[in-house]
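Note sheet for the following structure.
So you know, we letter chains A, B, ... as the sequences are listed, proteins then strands, and number each from 1. Heavy-atom basis, side chains included; hydrogens, waters and symmetry copies ignored.
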2 protein chains.
Amino acid sequence: MAGIAGSDKPNIRQVADIAGVSHMTVSRVLNNYPNIRESTRTRVLEVIEELNYRPNSAARALASQRSRRIGVIVDSSSENGPASTLRSVELAARQAGYSVSSIALGSDVMSPQEALEHLTALGIDALCVIAPRSSSVSTLRTLAIGVPVLVIKADRDPTFLTVAVDQQQGTRLAVDHLASLGHRDVLHVAGPLDWLDARARERAFHSRARSWGIHERAIVIGDWTADFGYDFARTLTTLPDYTAMFVANDEMAFGVIHGLHENGFSVPRDISIVGFDDLAVSRHFLPPLTTVRQDFAALGERVVEALRAAVEGNEVPQRTAIPAELLVRQSTGPPRTT
Amino acid sequence: MAGIAGSDKPNIRQVADIAGVSHMTVSRVLNNYPNIRESTRTRVLEVIEELNYRPNSAARALASQRSRRIGVIVDSSSENGPASTLRSVELAARQAGYSVSSIALGSDVMSPQEALEHLTALGIDALCVIAPRSSSVSTLRTLAIGVPVLVIKADRDPTFLTVAVDQQQGTRLAVDHLASLGHRDVLHVAGPLDWLDARARERAFHSRARSWGIHERAIVIGDWTADFGYDFARTLTTLPDYTAMFVANDEMAFGVIHGLHENGFSVPRDISIVGFDDLAVSRHFLPPLTTVRQDFAALGERVVEALRAAVEGNEVPQRTAIPAELLVRQSTGPPRTT
DNA sequence: AGTTGTCGGCCTTGTTACGCT
DNA sequence: AAGCGTAACAAGGCCGACAAC
């Protein structure tokens, strides 16, 4: 088309013809087989460069029965955690030569089964499940999948590989921070308890609170949204008997602070607040939010490492925990002295 | 393997054998060809159901030279706008029977060329470019791509299809709001001007400000981050001679409010702030942020509609603009009277 | 007689082109 | 002409055969 003949996409045999070898030699060069003479390899690579040849991934997937694709099922992809995790998985996957196809569950009309259908129809070598509710995990447990499955969750699992940020340790950081400021009456605003992360934080909160002798009380169960936090805080018409809150994510924490403020209370003077996530805006909230940061980039890398090992038949780390980090800002202070 | 013979994935010929037809008939049933007797179609569909047969997408892509995949290049995928757009494109694509492969530009070591390389190596039927800088668009303009390309940007383009939220109209809403509150001295805090959206908002701001007789002044050019907004606001040790700011995105607006607050100024009493995006937390910021909302869901649908039409050879809408919406909250009020 | 390097043929699964009733 | 079939093809990978050193 462009004057020069053969501007169509070259295939492996054209490369072979020009290099004066068989198509299999080209294939071996491409796949780094050992038994190729150096001069042959160079010649082939030159022709590949010259023609700007790129192997056709569909043909490759068909012949090798390997798609080099990782399927990702992501629950509530609009939440910060899941979204960040997904992006980090995508990045790590690409760097490992894999592509990613993701399907969002949650608000869509999309069950785990359907999502899995879509992905297996696409042809995936491995499956990663992000930020799942326990119900999603249960469903997946009943399904025959045929490829390695990794679930991003904190607890060890008999069926799946797991990788996660250490929710327990992150929660400990938060509770220890409050306790060392002197708080002995702390409310936990949890996420929906069918979410594994929410459950893990809730359990860890109770356990750590107990060991500090923090007054045990009923927790509040939210839905991750700032709206919930706001509505809840607006119900507090008088100062409650606790002096701090450990809120399961930053968004709810924002809502809580907003609601408290509208009711005439001040953070941290009247109540201290610790969040979880460290959103980009958290340090610019009024007041800047003390929160627990999760290293999603590391998470994505561990995920891809593990799945890749599983796919390629190498030694697989059965479970990986990534440490969390506490960022102390201005939403926490000593308890009020009334 | 599992006792029953043939627990492996069935292929089209096995379906054909059991249904007593040729594999071509099965193919025709799958692709809704017209000339198939109803009874044959039913029989084939029954066998497909029974075997739980799913066509192999790699084989399909190889034979048909169509991957039913849309490649997406997304600039700064961590920003809210791009991220939301990407998710909406993914959703719309899946509903249209397409899959999506996305590559993030920006902080990564990844040029538009490389991204395009990756995607074309994967085999895509169409390309969508999200939230691009003008430099990315220029680069792409020089590249022969071979598939329909849609760029999400506000201006018409000779080379590419375009779809976008109407930045000009959205900006008008913001400026009109401030003007009708009485503001005649407004500062624009822009995004990086090599970003098409930032540039569009800046142009629209100037044009609309002029028609209201708003005092012309140098704009401030930021980088979309809350950190920038904060640093800028901290430089304002005394009240400036303007009474309102139109900030090009909510994140910077958060930073600005934070910085103003630390300098002892109050929003909106001393200065009114309008943002752009409507993040989930914007309504819970202190004060809740007046902002311009973009309908990303509609955006994704239009994108996929247009690309699909282009791929399948139907009538293509060359350019689509989606209206924006102003949300008036509490970060804006009448100008201070000093 | 072994290694090392290369070749041709057949395989993957579905679609396109054409042809026969 | 509606309804279906056969052959060729898409772009690679696997494997046995065989030549060269």
Side-chain angles (χ1 to χ4, degrees), chain A residues 6 8-45 47-48 51-69 97 120-125 146 312, chain B residues 6 8-45 47-48 51-69 97 120-125 146 311-313:
Chain A
D8 296 286
K9 283 205 164 181
N11 63 27
I12 198 172
R13 285 165 222 266
Q14 294 173 14
V15 173
D17 284 353
I18 297 180
V21 295
S22 83
H23 73 276
M24 264 319 293
T25 303
V26 178
S27 174
R28 283 193 262 264
V29 169
L30 286 170
N31 295 289
N32 285 316
Y33 275 59
N35 299 345
I36 296 285
R37 196 180 322 173
E38 199 47 41
S39 64
T40 312
R41 178 191 303 281
T42 313
R43 191 151 32 93
V44 169
L45 287 174
V47 175
I48 286 175
L51 296 186
N52 196 30
Y53 165 75
R54 294 287 175 274
N56 179 315
S57 67
R60 203 171 234 191
L62 179 60
S64 67
Q65 310 283 42
R66 285 274 173 87
S67 60
R68 293 193 75 83
R69 190 202 317 254
T120 50
L122 269 179
I124 55 175
D125 291 348
E312 297 170 6
Chain B
D8 299 283
K9 282 206 166 183
N11 64 27
I12 198 171
R13 288 168 223 261
Q14 294 172 15
V15 173
D17 283 352
I18 296 180
V21 296
S22 81
H23 73 278
M24 266 318 296
T25 303
V26 178
S27 174
R28 282 193 264 259
V29 169
L30 286 169
N31 294 287
N32 285 315
Y33 276 58
N35 300 343
I36 296 284
R37 199 179 320 177
E38 200 47 41
S39 64
T40 311
R41 176 188 304 279
T42 313
R43 190 151 32 95
V44 169
L45 287 175
V47 176
I48 287 175
L51 296 186
N52 196 28
Y53 164 76
R54 296 284 176 275
N56 178 314
S57 66
R60 208 171 227 190
L62 177 60
S64 67
Q65 310 281 50
R66 286 272 174 86
S67 61
R68 291 195 77 83
R69 192 204 314 257
T120 51
L122 269 180
I124 55 175
D125 291 347
V311 169
E312 296 170 7

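- Side-chain proximity of A:R13 to C:dG5, D:dG12, D:dA7: nearest is D:dG12.
- Across all strands, B:V26 comes closer than 4.0 Å to no nucleic acid atom at all (heavy-atom distances).
- Taking only distance into account, the side chain of A:H23 meets the base of D:dG13 through a donor-acceptor pair shorter than 3.5 Å.
- A:R68 contributes a side-chain N or O that, together with a main-chain N or O of A:G97, makes up a donor-acceptor pair within less than 3.5 Å.
- Here A:S64 does not reach the OP1 or OP2 of C:dT12: none of its side-chain N or O atoms lies under 4.0 Å away.
- Between B:L62 atom CG and D:dG12 atom P there is a gap of 8 Å when expressed in whole angstrom units.
- Annotation: side chain of A:Y53 is not in contact with side chain of A:I18 (no heavy-atom distance under 4.5 Å).
- For the OP1/OP2 pair of C:dT16 and a distance below 4.0 Å, the side-chain nitrogens and oxygens of B:Y33 include at least one atom meeting the criterion.
- In this model, the phosphate group of D:dG13 is approached by a side-chain N or O of A:S27 to a distance below 4.0 Å at OP1 or OP2.
- Residues satisfying the salt bridge (Lys or Arg N to Asp or Glu O under 4.0 Å) criterion with A:R41, sequence neighbours excluded, are A:E38.
- A straight line from CD of A:E38 to P of C:dG5 spans 10 Å, rounded to a whole angstrom.
- Counting distance only, with no hydrogens placed and no angle test, the side-chain atoms of A:R60 and the base atoms of D:dG13 include no donor-acceptor pair under 3.5 Å.
- B:R28 contributes no side-chain N or O that forms a donor-acceptor pair with the base of D:dG3 under 3.5 Å.
- Projected onto DNA chain D by closest heavy-atom contact, B:A59 and B:P34 fall at different nucleotides, the more 5' of which corresponds to B:P34.
- Distances shown here put a side-chain N or O of A:T40 below 4.0 Å from the OP1 or OP2 atom of C:dT6.
- Residue A:Y53 places at least one side-chain N or O under 4.0 Å from the OP1 or OP2 atom of D:dG12.
- In this structure, A:G123 reaches neither bases nor backbone, as no heavy-atom distance under 4.0 Å exists between it and the strands shown.
- Distances shorter than 4.0 Å separate none of the side-chain N or O atoms of A:N35 from OP1 or OP2 on C:dT4.
- Taking only side-chain nitrogens and oxygens, A:S22 never comes nearer than 4.0 Å to OP1 or OP2 of C:dG8.
- Note: CD (A:Q65) to P (D:dG13) measures 13 Å, nearest angstrom.
- Computed from coordinates, the B:R66 CZ to C:dG14 P distance equals 19 Å when rounded to whole Å.
- Taking every side-chain heavy atom of B:R37 into account, D:dC4 is the closest of D:dC4, C:dT15, C:dG14.
- Residue order along DNA chain D, read from the 5' end via each residue's closest nucleotide, puts B:R41 first among A:N31 and B:R41.
- Going from atom CD1 of B:I36 over to atom C1' of C:dT15 covers 14 Å, rounded to whole Å.
- At least one donor-acceptor pair closer than 3.5 Å links the side chain of B:R43 to the backbone N or O of B:A19.
- Under the rule for a salt bridge (Lys or Arg N to Asp or Glu O under 4.0 Å), the partners of B:R54 that lie at least two apart in sequence or sit in another chain are A:E117.
- Taking atom CE of residue B:M24 and atom C1' of nucleotide C:dA17, one finds them 10 Å apart after rounding to whole Å.
- Between the P atom of C:dT12 and the CD atom of B:Q14 lies a distance of 10 Å, rounded to the nearest Å.
- In this structure, A:N56 contributes its side chain and A:A58 its backbone to a donor-acceptor pair below 3.5 Å.
- D:dG13 atom P lies 10 Å from atom CG of A:N56, rounded to whole Å.
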